[in-house]
Amino acid sequence: QVQLVESGGGSVQAGEALRLSCAASGSTIIQYCMAWFRQAPGKEREGVALLNGDGRTYYVNSMKGRFTISKDVVKNVLFLEMNSLAPEDTAMYYCAARVDSSYCNWSPSVYPAWGQGTQVTVSS
């Protein structure tokens with residue numbers, strides 16, 4: 001089972017950028033389905049970006065053009081580059097992993113491996 005640890009969160013002003021990292025250990029993530037989710041207080045966990053094992057990326061519409069998901073297979077790290085941040089992006093951000101990329105989708109329930117989360121706070 002892969003273990004995931006997120007980092008890179010923080011407090012920023014609207015319009016600024018952050019890069020989140022998710023360090024994986026215990027297994028290589030080359031062929032994994034990797035995802036970023038976020039959860040704001042009082043709201044359900046929602047998908048942000050997916051990176052399939054074949055390299056294809058998917059984004060929720062509100063993140064397209066602002067967020068970029070990528071991975072470094074040598075360092076075994078998943079990234080989420082976030083630009084033009086807005087107060088509504090404030091949430092705890094989690095990375096998730098699934099070995100079988102055939103079920104790579106937006107449902108949190110299909111991901112058996114999760115990190116502990118990193119907080120992103122955007123002020124206006």
Side-chain angles (χ1 to χ4, degrees):
Q1 180 79 325
V2 65
Q3 290 83 48
L4 306 171
V5 178
E6 302 96 333
S7 61
S11 297
V12 297
Q13 297 287 321
E16 294 184 341
L18 278 175
R19 188 176 79 157
L20 305 183
S21 299
C22 172
S25 61
S27 182
T28 176
I29 62 171
I30 291 177
Q31 295 297 327
Y32 273 54
C33 169
M34 302 296 296
W36 286 98
F37 288 81
R38 69 184 186 185
Q39 188 166 18
K43 294 188 177 181
E44 293 188 356
R45 191 165 296 190
E46 64 174 352
V48 173
L50 303 180
L51 176 56
N52 207 334
D54 61 6
R56 286 179 291 178
T57 58
Y58 304 87
Y59 300 92
V60 172
N61 282 341
S62 60
M63 284 69 161
K64 283 183 180 178
R66 297 194 302 129
F67 291 8
T68 303
I69 187 171
S70 63
K71 66 184 177 184
D72 183 326
V73 297
V74 175
K75 296 182 178 179
N76 219 31
V77 178
L78 178 74
F79 299 104
L80 182 68
E81 190 78 36
M82 305 186 295
N83 296 302
S84 302
L85 284 164
E88 52 266 36
D89 294 316
T90 295
M92 185 73 78
Y93 283 71
Y94 300 89
C95 66
R98 178 182 175 86
V99 173
D100 183 358
S101 285
S102 62
Y103 291 94
C104 195
N105 61 51
W106 297 112
S107 174
S109 63
V110 307
Y111 297 90
W114 290 84
Q116 82 291 348
T118 186
Q119 178 68 37
V120 172
T121 302
V122 185
S123 56
S124 58

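Note that the numbering runs from 1 along the sequence shown for the chain. None of the values given here were measured: they were computed from a predicted structure.
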Requested in this report: Using ring pair (Phe, Tyr, Trp, His ring centres under 6.0 Å) as the criterion, list what pairs up with Tyr111, not counting sequence neighbours.
Outcome: Phe37
Only pairs under 3.5 Å count here: list side-chain donor-acceptor contacts from residues 90-100, not counting sequence neighbours, and write none if there are none.
| from | atom 1 | to | atom 2 | distance (Å) |
| --- | --- | --- | --- | --- |
| Thr90 | OG1 | Pro87 | O | 2.9 |
| Thr90 | OG1 | Val122 | N | 2.9 |
| Thr90 | OG1 | Val122 | O | 3.4 |
| Tyr93 | OH | Arg38 | NH1 | 2.9 |
| Tyr93 | OH | Asp89 | O | 2.6 |
| Arg98 | NE | Asp100 | O | 3.0 |
| Arg98 | NH1 | Val110 | O | 2.6 |
| Asp100 | OD1 | Ser102 | N | 2.9 |
| Asp100 | OD1 | Ser102 | OG | 2.5 |
| Asp100 | OD2 | Ser102 | OG | 3.0 |

Measure the spacing between [atom1] of [X] and [atom2] of [Y] and express it to the nearest 0.5 Å.
X      : Y     : atom1 : atom2 : result
Ser25  : Gln1  : OG    : CD    : 10.5 Å
Glu16  : Asn83 : CD    : CG    : 11.5 Å
Ser107 : Arg45 : OG    : CZ    : 11.5 Å

Requested in this report: Decide yes or no on side chain to side chain contact (heavy atoms under 4.5 Å, CB included) for Met82 and Trp36, but give the supporting numbers first.
Outcome: CA-CA 12 Å; Met82 305 186 295; Trp36 286 98; over 6 Å; no
Report task. Answer yes or no: is there a donor N or O on one side and an acceptor on the other, between the side chain of Glu6 and the main chain of Gly117, under 3.5 Å? Result ->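 Confirmed, Glu6 side chain pairs with Gly117 backbone.
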Requested in this report: Could you tell me whether a side-chain N or O of Asn76 sits under 3.5 Å from a main-chain N or O of Ala23, the two making a donor and an acceptor?
Outcome: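 Such a contact is absent between Asn76 side chain and Ala23 backbone.
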Report task. List the steps and the verdict of side chain to side chain contact (heavy atoms under 4.5 Å, CB included) for Lys71 and Leu51. Result -> CA-CA 8 Å; Lys71 66 184 177 184; Leu51 176 56; 3.6 Å; yes
Query - Inter- and intrachain pairs under disulfide (SG to SG under 2.5 Å), touching residues 29-66, at least two apart - result: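 Those involving residues 29-66 are Cys33-Cys104.
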Query raised in the report: Under 4.5 Å between any side-chain heavy atoms of Thr68 and Phe79, yes or no?
Result: no
Query raised in the report: Quick one: are Leu4 and Met34 in side-chain contact, heavy atoms under 4.5 Å?
Result: yes
Query - Within one Ile-Leu-Val-Met-Phe-Trp-Tyr cluster: Val5 and Leu20, side-chain cutoff 4.5 Å - result: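 No; tracing contacts between hydrophobic side chains, which count when under 4.5 Å, never links both residues.
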Query raised in the report: Out of curiosity, does Trp106 fall in the hydrophobic cluster containing Tyr32 (side-chain heavy atoms, cut-off under 4.5 Å, transitive links)?
Result: yes
Query raised in the report: In this structure, which one of Leu80, Thr118, Leu78, Val77 forms a side chain to side chain contact (heavy atoms under 4.5 Å, CB included) with Ser21?
Result: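 Running side chain to side chain contact (heavy atoms under 4.5 Å, CB included) over Leu80, Thr118, Leu78, Val77 with Ser21 returns exactly one hit, Val77.
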Query - Over 12 non-hydrogen atoms of neighbours within 6.0 angstrom of CD in Glu44 - result: no
Report task. Please test Arg66 against Tyr59 for side chain to side chain contact (heavy atoms under 4.5 Å, CB included), starting from the C-alpha separation and ending with a verdict. Result -> CA-CA 10 Å; Arg66 297 194 302 129; Tyr59 300 92; over 6 Å; no
Requested in this report: Write down the atom of Ala24, the atom of Ile29, and the distance for their closest heavy-atom approach.
Outcome: CB-CG2, 3.5 Å
